[in-house]
Amino acid sequence: DQGFLERAAERTRELIDAAGGGAFVLCTSLRSMTSIASALRARGAKAVMTQGEAPKTRLLARFREHGHAR
C-alpha cells in the first residue's frame, strides 16, 4: 500500500530528527527501501544513502564522515 510507505517515510523522518540524525533504517524489500529513501530526499533529508549505490565499506565511511556515527 503506497499510503503505508508515505506514512513510514514521515515517521522515519520524525524519528531521525528526534535522534539528531545518523540512523540506519532497515526495510524488508528493495521497493520499500527505494520508496522511503526517495520520500526522505523529497522532504529535504540530507545524506540519504541506500544499499547498492556504493560498496558497503564506502557507505559506512560516508556515514562516519558525516559525523553521526557513534
Side-chain angles (χ1 to χ4, degrees):
D1 170 350
Q2 186 61 32
F4 168 79
L5 292 174
E6 284 297 318
R7 288 188 307 277
E10 183 60 36
R11 184 64 178 143
T12 299
R13 178 64 192 253
E14 291 169 1
L15 292 169
I16 290 170
D17 288 345
F24 282 93
V25 178
L26 302 177
C27 298
T28 58
S29 70
L30 289 174
R31 179 179 166 263
S32 294
M33 179 187 70
T34 56
S35 179
I36 290 172
S38 291
L40 289 172
R41 287 179 180 118
R43 287 172 171 79
K46 299 176 186 169
V48 175
M49 296 172 262
T50 59
Q51 179 182 356
E53 72 180 26
K56 178 175 50 175
T57 55
R58 182 65 193 132
L59 290 173
L60 288 171
R62 283 179 53 200
F63 182 74
R64 289 183 190 109
E65 288 167 7
H66 283 279
H68 294 294
R70 296 190 177 127

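Since the model is a prediction, treat every value here as computed from it, not as a measurement. Keep in mind that the numbers below use all heavy atoms, side chains included, and drop hydrogens, waters and symmetry copies.
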*Is there any salt bridge (charged side-chain N to carboxylate O under 4.0 Å, His left out) pair reaching into residues 18-28, and which pairs are they, with sequence neighbours excluded?*
none
_Connected hydrophobic set around Leu30, excluding itself, where side chains approach under 4.5 Å_ = Met33
*Contacts of Arg62 that satisfy side chain to side chain contact (heavy atoms under 4.5 Å, CB included) - sequence neighbours left out*: Met49, Glu53, Arg58, Leu59, Glu65
*Under the side-chain hydrogen bond (donor to acceptor under 3.5 Å, both in side chains) rule, collect the residues that match up with Thr12, sequence neighbours excluded.*
none
_On a heavy-atom basis, which atom in Leu40 and which in Ala9 lie closest, and how many Å separate them?_
CD2-O, 3.6 Å
*asked:* For Ser32, give me all partners under side-chain hydrogen bond (donor to acceptor under 3.5 Å, both in side chains), at least two apart in sequence or on another chain.
replied: Ser29
*Could you grab the distance from atom CZ of Arg7 to atom CD1 of Ile36, nearest 0.5 Å is fine?*
11.5 Å
Anything under 3.5 Å between a donor and an acceptor, one on a side chain of residues 16-24, the other on a protein residue two or more places apart or in another chain? List them.
{"residue": "Asp17", "atom": "OD1", "partner": "Arg13", "partner atom": "NE", "Å": "3.2"}
{"residue": "Asp17", "atom": "OD2", "partner": "Arg13", "partner atom": "NE", "Å": "3.3"}

